[in-house]
Amino acid sequence: MSELSERVTSGSSPAVADAEAEATKLNQGALEFMLGAQKMMFEELVFLGDEMLERTRTEMRLFTEFVAKMAAAHSVRDVKTMCQECGQHQLDFFRRDSERLFRHGERMIATTSNLISGRTVN
């Protein structure tokens with residue numbers, strides 16, 4: 001009887017070791033995924049803060065420029081020219097902002113894809 005239990009124990013030892021190795025590998029993968037997801041979320045928060053600050057600075061600069069031009073305008077023609085120029089500045093700002101967000105979206109898709117596929121996140 002003790003021989004049978006020894007054989008069962010000794011026979012299942014490699015299987016248990018393989019199972020432990022596989023569990024360790026899975027746990028390592030889960031840990032890397034969670035750390036990568038946490039790093040990605042932190043980077044997103046930093047990016048959001050930087051973008052909000054940059055957008056506020058640009059909007060304040062455009063508003064200051066608008067107020068200065070409005071104060072300098074002395075005729076209807078000057079006001080019309082000023083509105084056209086400020087409108088063009090707003091459109092340029094919107095275009096640059098959209099391009100920046102598009103590039104960010106591409107980067108996020110690549111990072112998420114790398115995270116899911118198990119490749120290292122830079």
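It should be emphasised that the depicted structure is a prediction, and the values quoted were computed from it without experimental measurement. The basis for the numbers below is simple: all heavy atoms, side chains too, and nothing from hydrogens, waters or symmetry mates.
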Heavy-atom side-chain contact between Thr58 and Arg61 under 4.5 Å: yes
Student check: side-chain heavy atoms of Glu65 and Met82 closer than 4.5 Å: no
Rounded to the nearest 0.5 Å, how far apart are [atom1] of [X] and [atom2] of [Y]?
X	Y	atom1	atom2	answer
Thr64	Glu59	OG1	CD	10.5 Å
Thr81	Lys69	OG1	NZ	9.5 Å
Glu22	Asn27	CD	CG	10.5 Å
Glu106	Thr111	CD	OG1	11.5 Å
Leu48	His104	CG	NE2	8.5 Å
Glu99	Phe94	CD	CZ	11.0 Å

Thr24 side chain vs Glu20 backbone, donor-acceptor pair below 3.5 Å: yes
Phe63 atom CZ, over 12 foreign heavy atoms within 6.0 Å: no
N-O pairing of Glu44 and Arg107 below 4.0 Å: yes
Note: Glu54-Arg100 ion pair, threshold 4.0 Å (strictly below): no
Reference residue Met108; test side-chain contact (heavy atoms from CB on, under 4.5 Å); the match among Met40, Glu43, Arg103: Met40
Side-chain donor-acceptor contact under 3.5 Å, Gln88 with Gln84: no
side-chain contact (heavy atoms from CB on, under 4.5 Å) between Lys39 and Phe42, worked out: CA-CA 5 Å; Lys39 179 182 176 188; Phe42 179 71; 5.8 Å; no
